[in-house]
Amino acid sequence: MLRCAVLDDYQNVALTMADWSRVGMRSFREHFDDRDALVQAIGDCEIVVIMRERTPFPRALFERLPNLRLLVTSGARNASIDLAAAADHGVTVCGTGSSSAPPAELTWALILGLARHLVPENTALRTGGPWQSTVGTGLHGSVLGLLGLGKIGTQMARVGQAFGMDVLAWSRNLTAERAEAAGARRAGSLEELCAASDFLSVHVVLGERTRGLIGAAELALMKPSAYLVNTSRAAIVDQAALVDALRERRIAGAGLDVFETEPLPAGHPLRTLPNVLATPHLGYVTTGNYHTYFREAVEDIEAFLDGSPIRVLGTFRTDSRTRS
C-alpha cells in the first residue's frame with residue numbers, strides 16, 4: 001500500500017471527509033515552516049495532498065523527495081508548485097474543484113464587520129464596556145470598488161447592487177461592456193478606482209502584472225474614510241505601504257484574509273492595529289469546499305493508482321512566495 005500524507009490539515013478533518021482506504025494515509029495538522037522537518041515527515045510518502053498554497057513545492061523540495069509520485073492540491077490552480085520541476089522528477093500533479101462562493105461571502109463579512117465596527121462593539125458588550133461607542137458606515141449609496149471583475153468580482157458586484165451600492169470596477173482587460181453586464185461601471189483607471197471607492201475590494205489573480213499593484217501611491221489616493229479589503233493574495237498590495245497607511249490613519253481601515261507569510265507571525269503589526277479586521281485565510285474554508293477538496297483528492301489518487309490520472313495541472317509560472 002502506498003503511503004500518503006495530507007499537509008496543513010489545520011482543522012484535523014481530512015480523515016473524516018473521504019475514504020482513504022486504498023492508501024496508508026496520515027495527516028499533519030501543524031504547518032511545517034522548516035523544510036528539513038517537512039522532508040523528515042513526508043520523505044517516505046509516494047503521495048502528498050496539499051491544501052491550496054499553504055506549503056510551497058519548489059524545485060529544491062522535489063529534489064529531496066525521491067519517493068514522491070503524485071502531488072494533489074486542492075483547487076485547480078496552485079502558483080506555489082513548480083510544475084516544471086515536478087515533471088522533471090516524474091511527479092504527477094493533480095487538482096480538485098473549488099467553489100468561488102465562499103470567498104465572496106467572507107469578503108462581505110469583512111466589509112460589514114468594518115462598516116459597523118462589529119469587533120469593538122461586540123468586545124465592549126462582552127466585557128462590560130460602553131454601550132455604543134462607534135458610528136457605523138452605511139453601505140447603501142456608497143461606492144464599492146472592485147479591483148478585478150472575474151468570477152468572484154462579479155458575485156461581489158451583484159451583492160453590492162442588492163445593498164444599493166454604486167459598483168465601480170477596474171482591471172487592465174476589463175471592458176465597459178463586461179462591466180455593465182455585471183452591473184458595474186468601468187473606472188477609467190486604477191487611480192480613479194482608488195480615489196472613488198468607499199470600500200475597495202481586491203479580486204485579481206496574483207501575477208507579474210498584479211504584484212504590488214496597490215502601493216503607497218494608490219493608497220494615498222484613497223479617501224481617509226475608505227476601507228481596503230483583500231481576500232485574494234497579499235502581495236497584490238504593498239504590505240509595508242499598507243501598514244504605514246493604517247498606522248497613520250490615512251485610510252479608515254482594512255479587512256484582510258491573506259498575508260505574505262502564513263501563519264502570520266505573532267508579532268506582526270497586522271495582528272494588533274486597531275483598524276484592521278483580519279481572519280486567518282478562511283475565504284475558501286467551508287464544509288462544502290472541504291468535502292470537494294478531499295473527496296476529489298481521493299478520486300485523483302484512485303485514478304492515478306488505476307493508471308489514468310485525472311485533473312492533471314498544466315504548467316504555469318512558479319511563485320513560491322505566495323501561501324494560503
Please assess Leu242 against Ile251 for the test side chain to side chain contact (heavy atoms under 4.5 Å, CB included), listing each intermediate value before the final yes or no. CA-CA 9 Å; Leu242 176 60; Ile251 61 174; 4.1 Å; yes
How far apart are the closest heavy atoms of Ser232 and Val204, and which atoms are they?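 Scanning both residues completely, I find the closest heavy atoms to be OG-O, 2.5 Å.
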Taking C-beta and beyond as the side chain, do [X] and [Y] meet within less than 4.5 Å on heavy atoms?
X	Y	result
Met51	Phe294	yes
Ile214	Leu219	yes
Leu7	Leu38	yes
Arg186	Thr175	no
Leu213	Arg172	yes
Glu299	Glu296	yes
Met17	Tyr293	no
Pro56	Leu61	no

Among all residues two or more places apart in sequence or in another chain, which pass the ring pair (Phe, Tyr, Trp, His ring centres under 6.0 Å) test with Phe304?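 Once residues adjacent in sequence are excluded, Phe304 has no partner under the ring pair (Phe, Tyr, Trp, His ring centres under 6.0 Å) criterion.
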Under 3.5 Å, is there a donor-acceptor pair between the Ser99 and Asn289 side chains?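 Not at all, the side chains of Ser99 and Asn289 share no donor-acceptor pair under 3.5 Å.
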Between the side chains of Asp306 and Ser308, does any donor sit under 3.5 Å from an acceptor?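 On atom types as modelled, these side chains do not qualify, holding no pair under 3.5 Å.
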What pairs of residues pass the side-chain hydrogen bond (donor to acceptor under 3.5 Å, both in side chains) test when at least one of them lies in residues 155-167, not counting sequence neighbours?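 For residues 155-167: Ser100-Gln155, Asp166-Arg185.
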Kindly write out the residues that satisfy side-chain hydrogen bond (donor to acceptor under 3.5 Å, both in side chains) with Ser201, not counting sequence neighbours, or none if the list is empty.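 Ser201 satisfies side-chain hydrogen bond (donor to acceptor under 3.5 Å, both in side chains) with His203 once adjacent residues are dropped.
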Kindly determine whether Leu305 and Glu46 satisfy side chain to side chain contact (heavy atoms under 4.5 Å, CB included), including the steps that lead there. CA-CA 11 Å; Leu305 295 178; Glu46 293 87 2; over 6 Å; no
Among Leu147, Val202, Thr210, Leu200, the one residue meeting side-chain contact (heavy atoms from CB on, under 4.5 Å) with Val237: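 Among Leu147, Val202, Thr210, Leu200, the one meeting side-chain contact (heavy atoms from CB on, under 4.5 Å) with Val237 is Val202.
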Does the pair Arg59 and Phe57 meet the rule for a side chain to side chain contact (heavy atoms under 4.5 Å, CB included), with working shown? CA-CA 7 Å; Arg59 181 174 293 275; Phe57 266 70; over 6 Å; no
Nonpolar side-chain network containing [X], other nodes, edges under 4.5 Å:
X	value
Leu146	Trp108, Leu110, Ile111, Leu112, Leu114, Val119, Leu139, Leu144, Leu149, Ile152, Met156, Val159, Phe163, Met165, Val167, Leu174, Phe199, Tyr227, Val229, Leu277
Trp131	Leu125
Met1	none

Between Phe28 and Ile42, is a side chain to side chain contact (heavy atoms under 4.5 Å, CB included) present by the stated rule, with each step listed? CA-CA 10 Å; Phe28 295 92; Ile42 67 172; 4.0 Å; yes
Taking it one step at a time, do Ser80 and Asn78 satisfy side chain to side chain donor-acceptor pair (under 3.5 Å)? CA-CA 6 Å; Ser80 72; Asn78 189 323; 2.6 Å; yes
If you count the non-hydrogen atoms of other residues, nucleotides and ligands that lie under 6.0 Å from CD in Glu63, is the total more than 12?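 Buried by this count: over 12 neighbours within 6.0 Å.
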Could Arg250 and Asp244 be called an ion pair, given the rule that one side-chain N must be under 4.0 Å from one carboxylate O?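 Salt bridge: no.
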